[in-house]
Amino acid sequence: GNISVRVGGDRLLITPSGVSKGRMTPDMLLVTDLTGRVVEGDRHPSSEGKMHYAVYAGRPDVRAVVHAHPPVATAFAVCRRGLTTPYLAELVVGLGEVPVTPSFAMLSTEEVPDSVRPWLAGHNALLLANHGALAWGESLWQAFDRMEIVEHTAKIVENVELLGGGTALTPAEIERLIGLR
C-alpha cells in the first residue's frame, strides 16, 4: 500500500513507488504538492498518488490517507461487497459504512481517483473493487486506525457469515448510537 500525510496547506509527505514499506527509510519519503509534483526527494511518488490527491481535493478536512491490501477486506473488495450492514457499534459511531466501488479501476490511471470521488462525502473508508482498501482521517493515526477497523470489521463479518448470518442493529439502536457521537 501507500501512505500520505498533509504537512502544510498544499504539501504532502508521501511514500515512494516501488519500495516495500518494511524496508523504507525516512530519506525515501517525498514531499509533493497537491497535484503530485515532487517538491523534495529524488524518487517517484506512489503510483497510486492520484487516489490520495483526489481524497485531499474532495475532503479539505482530511490530513492523511492510507491505502493497503488487508487480506479479508480485500477479499470483500474482490467479491464487490461493502461493509455496510450495521452489525457493530464501531461501524455506526466511528467508521461508518464502508462501500465498495462498483468496478475495477485500472491501476495508476485516472480511473482510480475517478472511482473514489463519488464516495468521499459521508464516508471515512472505501473498498476498491478487486484492489484493496482506502481510509482517510484528520490525522495519520486516525487514518491508520480506520484502516485497522476496516480489516477487523471484515474479519467479523466473514465469521458472522460462516456462522450463518447475523442480526443487524435496529434503526432505533442506530439512532441512539449516532446520538453518542
Donor-acceptor under 3.5 Å ([X] side chain, [Y] main chain):
| X | Y | result |
| --- | --- | --- |
| Arg11 | Asp33 | no |
| Gln142 | Trp136 | no |
| Lys21 | Asn2 | no |
| Arg6 | Gly9 | yes |
| Thr84 | Pro99 | no |
| Trp119 | Ala125 | no |
| Thr32 | Arg37 | no |
| Glu138 | Val62 | no |
| Asn124 | Leu95 | yes |
| Ser46 | Glu48 | yes |

So which atom in His123 and which in Glu97 form the shortest heavy-atom distance, rounded to 0.1 Å?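 It is CD2-O, 3.3 Å.
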
Ion pair present between Arg81 and Glu158, side-chain N to carboxylate O less than 4.0 angstrom? no

Which value, rounded to the nearest 0.5 Å, describes the distance between [X] atom [atom1] and [Y] atom [atom2]?
| X | Y | atom1 | atom2 | value |
| --- | --- | --- | --- | --- |
| Trp141 | Glu148 | CH2 | CD | 9.5 Å |
| Leu126 | His67 | CG | NE2 | 10.5 Å |
| Leu13 | Leu29 | CG | CG | 4.5 Å |
| Leu128 | Phe104 | CG | CZ | 10.0 Å |

List the steps, then state whether side chain to side chain donor-acceptor pair (under 3.5 Å) holds for Tyr53 with Ser4. CA-CA 9 Å; Tyr53 305 128; Ser4 66; over 6 Å; no

Evaluate side chain to side chain contact (heavy atoms under 4.5 Å, CB included) for Thr74 paired with His131, printing each intermediate quantity in order. CA-CA 7 Å; Thr74 300; His131 185 160; over 6 Å; no

Atom NE2 of residue position His44 - does it have more than 12 heavy atoms of other residues, nucleotides or ligands inside 6.0 Å? no

